[in-house]
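Take this structure first; my questions come after.
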Protein chains: 2
Amino acid sequence: MPGIDEKDREIIRILRENGRITLTELGKRVKLSPASVKNRLEKLEKLGAIKGYSAVIDPAFLDEFVQAFFEIRLAIDDGSVDAILSRIAKLDNVCAVYRRSGENQILIQANFHNTDEVKDFAGLLKRKYFGKNLERIKITLIIDTFKENWVTLG
Amino acid sequence: MPGIDEKDREIIRILRENGRITLTELGKRVKLSPASVKNRLEKLEKLGAIKGYSAVIDPAFLDEFVQAFFEIRLAIDDGSVDAILSRIAKLDNVCAVYRRSGENQILIQANFHNTDEVKDFAGLLKRKYFGKNLERIKITLIIDTFKENWVTLG
DNA sequence: GCTGAAATTCTGGAGTG
DNA sequence: CACTCCAGAATTTCAGC
């Protein structure tokens, strides 16, 4: 990676596990002044190394009692799918969207208030987003979370 | 949820998509003083609604060029597995660990420098962590990420 | 990348409804 | 009892070096 040194990587690693750390504390850990850390942060955000910041939430506090994975098998997986995935990514209840190797090329993670909403969402994926290109959809529900977004729980 | 009102939920929703927002800005959005927001944040963290904060990173900048999912089928899935999953969750290259419904009860997401490390990790899961209890392990590699941790990319 | 000063934010206590 | 206000502390920010 061009223009990235070990201190940048250390900053990234720390932020990944503690996204709300202050510049001052971050500076102490990597032995830099707060101003320098800020300059590096801006550089890393501009370069796209840091995409954003997020809090790790217990979804039950938002009445999101059902968390589900949707593994989707498409008949044809070409570039035209990208636009669809981008639209799905914008949905408020969707927390992750990946394209991956294997038979089920698409993986979507989303939260719901109840299982009826899960069914509705699966129908939406078939009807509104993928249409006949959707060959199979496998739904699994999260039972327990031990780590999420690099944050260890419990 | 006891002791949680709509303003708390709004704070949580904002933080989930913008984990580094200041208390002042957060206060403007939910129409509260920064001090009140701070009190609520401390309450939400104490209650366990907010588990932590994380930056969303492009793993390539850490030379983590391979991101993989490990779907694991166990012969017996009882409470004794919890301790194992907690240990796996502590590993530095593991970003998520879930127990879920379906045939492959365990889902692990982790990052690697290359595919050799993926193979090593799969071996470790079998040899060190699950042993004979591990019936099957399905590995898939992430090809593209459209959304992660509630942060939309691209 | 550091320094130092100014602006902003954070923080804890006292006061109000 | 949660919120606001306010003053002191800490942090952030930006200029110049």
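Proteins get letters first, then strands, A, B, ... in listed order; numbering begins at 1 in each.
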Is the ring centre of A:F121 less than 6.0 Å from the ring centre of A:F112?
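Yes; A:F112 has its ring centre under 6.0 Å from that of A:F121.
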Which heavy atom of B:D8 sits nearest to which heavy atom of B:G3, and what is that distance?
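Nearest pair, atom of B:D8 first, then B:G3: OD2-O, 3.7 Å.
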Salt-bridge present (A:R16, B:E148; N to O < 4.0 Å)
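The answer is no: the pair does not qualify as a salt bridge.
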Stretch residues 32-41 of chain B: residues that reach within less than 4.0 Å of DNA chain D through a heavy atom:
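Per residue number, the list reads B:L32, B:S33, B:A35, B:S36, B:R40.
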Under a 4.0 Å heavy-atom cut-off, which of residues 11-31 of chain B touch DNA chain C?
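Those residues are B:T22, B:L23, B:T24.
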Cationic N near anionic O, under 4.0 Å, A:K7 to A:E10
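No, A:K7 and A:E10 are not salt-bridged.
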Mind calculating the distance between NZ (B:K43) and C1' (D:dA2) to the nearest angstrom?
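Atom-to-atom, B:K43 to D:dA2, this comes out as 9 Å.
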Before accepting this row, confirm whether a basic side-chain N of the pair B:E6/B:R9 lies closer than 4.0 Å to the acidic partner's carboxylate O.
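Salt bridge flag = yes for B:R9 with B:E6.
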In residues 45-58 of chain A, what residues come within less than 4.0 Å of DNA chain C, judged by heavy atoms?
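Contacts with DNA chain C under 4.0 Å: none.
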If I compare all heavy atoms of B:R29 with all of B:N18, which pair ends up nearest, and what's the gap?
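Minimum heavy-atom separation between B:R29 and B:N18: NH2-ND2, 4.2 Å.
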Quick check for you: to the nearest 0.5 Å, what is the distance between A:D77 atom CG and A:L85 atom CG?
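A:D77 CG to A:L85 CG: 8.0 Å, rounded to 0.5 Å.
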Charged N-O contact under 4.0 Å between A:K38 and A:E42:
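A:E42 and A:K38: salt-bridged.
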Nearest 0.5 Å please: distance from the CZ atom of B:R100 over to the CD atom of B:Q105.
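Rounded to the nearest 0.5 Å, the CZ-CD separation comes out at 9.0 Å.
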When you check the gap from the basic side-chain N to the acidic O, do A:R87 and A:D82 get nearer than 4.0 Å?
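Salt bridge: no.
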